There are 2 protein chains.
Amino acid sequence: MEEGLRERKKRETRQRIADIAMGLFLQRGFDNVTVAEVARAADVSVNTVFNYFQTKEDLFLDRSDEVESLPRRVIEERRPGESAVQAVRRDFFDALDTGDWRYGIHEGSDLFARRVRESQSLSARLTVLDYNREEQFARALADAVDADPDDLTPWLVAAQMNSVLRTLTRRFTIRRMAGEDMDRVVEGIRLDATLAFDQLEYGVGDYARRQADTGTPVVTDRVQT
Amino acid sequence: MEEGLRERKKRETRQRIADIAMGLFLQRGFDNVTVAEVARAADVSVNTVFNYFQTKEDLFLDRSDEVESLPRRVIEERRPGESAVQAVRRDFFDALDTGDWRYGIHEGSDLFARRVRESQSLSARLTVLDYNREEQFARALADAVDADPDDLTPWLVAAQMNSVLRTLTRRFTIRRMAGEDMDRVVEGIRLDATLAFDQLEYGVGDYARRQADTGTPVVTDRVQT
DNA sequence: ATCAATTTTGGAGTCACTTAAAAATTGCGT
DNA sequence: ACGCAATTTTTAAGTGACTCCAAAATTGAT
């Protein structure tokens, strides 16, 4: 059953609202734009906006479902002989090479990130989004190993993998927002990612062990570069 | 300079508001209680409530600073010869033994958890709180090893340690809310925690490696129990 | 062209939260 | 005990996100 005219118009309206909203948000900041303004700019009523989007934040995160579907895709499409971590590592480096936005690492993501940072509510929403991704990882992993529904391990592995991704992305945006050159930052993230995924595979070991005698911490070469 | 009468009354008022609010929230659910009701029950004006608490959620999370100060305490007080992970592990098991609430694992935390779950805004706030804890871990670790301010490793280790704690706590509340007996759940969490902290130290390895021939995933004994 | 289903709109209301200024309370010096 | 200055509380008015409901407009099929 193909898409009727009614459905097409609905989709178009939704998209138009989201696009116009994003334009305003990026230009003036999330908190400085009211839903009423978005509605006016999109030439619809406020109620129509809320008809398509549950909250104002959803206007900003219209494409977040692509982020949430990432874990399942990566885990399911891992190659023969490839472990979960290896698959994620490969996909991450692939995004780095192609400049894909799926891990929040691409040209122009810094304005986006700045706008998020400015707004408490938006930051909170993004944080929740990250938790959802973790949950998706967990479910995908549980399926992949045919685990019991109440098996702890997939959840642990998911949380740890997601931590690595989140940390790398955050690091990218921080350096980018500090004004560093794109190529330089990407190069830096490449090194960071190698360290991070290694640590994910081999563990944090005895990081920050306090020496018995002196009280000075010993930095082991296990995790530290 | 000791506390004047004025400051004492302020503190008392604040505490009274928080206590009354928490009573109402636990009894009737966070979203079913308005700030106006809290104010009326505490016999103050709405603006007085907002004078002491920035948001409605803060009324529920009055003691959250104790959670946020936990990382620094645990890391700084780690014993001679003890690594970061070992210190956290010990502190976690200690809380388990003494029934302390600092990791959200104690009798009666299930009503609390249920009330959080019911409310989207409250869940979101808790999620942000967890991120703050992660950041505290990172800063404490960075201090502990005298790391560069832009060293990646403390952040990675912090994220992973925090992941473990969050996962264990979530698992506890899920089982508790499912009606399982307290002692039984605590016993289960003890086993879970052992697995989780081991994995944190030694890594997730090649979890969920897909076998070359069959396409069937192999569960390695490295991480899996 | 007509009718039923769907989409959009208008209007009234709730609630969290802000701002500014008046009013009440309190601590302190005399 | 009294009055003054600082602090706290309240009052009042408003903003903005979001909900609910019913009226109006649009659309697809006949």
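Every value quoted in this text rests on a predicted model; they were computed, and no experiment measured them.
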Undergrad: Can you tell me the distance, in whole Å, between the CG atom of B:Asn51 and the C1' atom of C:dT25?
TA: 14 Å
Undergrad: For residues B:Leu61 and B:Leu126, determine if any side-chain heavy atom of one lies less than 4.5 Å from a side-chain heavy atom of the other.
TA: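 A side-chain contact under 4.5 Å exists here.
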Undergrad: Starting from C1' on C:dG10, measure out to CZ on A:Phe50 and report it in whole angstrom.
TA: 15 Å
Undergrad: Where along residues 25-47 of chain B does a heavy atom fall under 4.0 Å from DNA chain D?
TA: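 Contacts with DNA chain D under 4.0 Å: B:Val44, B:Ser45, B:Asn47.
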Undergrad: On the ring face of B:Tyr103, is B:Arg166 found with NZ or CZ under 6.0 Å from the centre and within 45° of the axis?
TA: no
Undergrad: Under a criterion of less than 4.0 angstrom to any heavy atom of chain A, what are the 5'-terminal and 3'-terminal contacting nucleotides of DNA chain D?
TA: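 For DNA chain D, the relevant span reads D:dG16 to D:dG28.
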Undergrad: Rounded off to whole Å, could you give me the OH-to-C1' distance for the B:Tyr52 and C:dA16 pair?
TA: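 These atoms are roughly 20 Å apart.
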Undergrad: How are the rings of B:Phe25 and B:Phe60 set to each other: parallel, tilted or perpendicular (split at 30° and 60°)?
TA: tilted
Undergrad: What is the distance, rounded to the nearest whole Å, between atom CD of A:Glu7 and atom C1' of C:dT7?
TA: 12 Å
Undergrad: Would you call B:Glu66 and B:Arg63 a salt bridge, using N to O less than 4.0 angstrom?
TA: yes
Undergrad: Taking the side chain from A:Ser119 and the backbone from A:Val116, do they hold a donor-acceptor pair closer than 3.5 Å?
TA: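 Such a contact is absent between A:Ser119 side chain and A:Val116 backbone.
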Undergrad: Regarding A:Glu180 and A:Arg175, does a basic nitrogen lie under 4.0 Å from an acidic carboxylate oxygen?
TA: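 Counted as a salt bridge, because a side-chain N and a carboxylate O are separated by less than 4.0 Å.
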Undergrad: Thinking salt bridges, do B:Arg73 and B:Asp91 make one under a 4.0 Å N-O criterion?
TA: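 Yes.
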Undergrad: Side-chain polar contacts of residues 37-44 of chain A - donor-acceptor pairs under 3.5 angstrom, sequence neighbours left out - could you list them?
TA:
{"unit_1": "A:Glu37", "atom_1": "OE1", "unit_2": "A:Arg28", "atom_2": "NH2", "d": "3.3"}
{"unit_1": "A:Glu37", "atom_1": "OE1", "unit_2": "A:Thr34", "atom_2": "N", "d": "2.9"}
{"unit_1": "A:Glu37", "atom_1": "OE2", "unit_2": "A:Arg28", "atom_2": "NH2", "d": "3.0"}

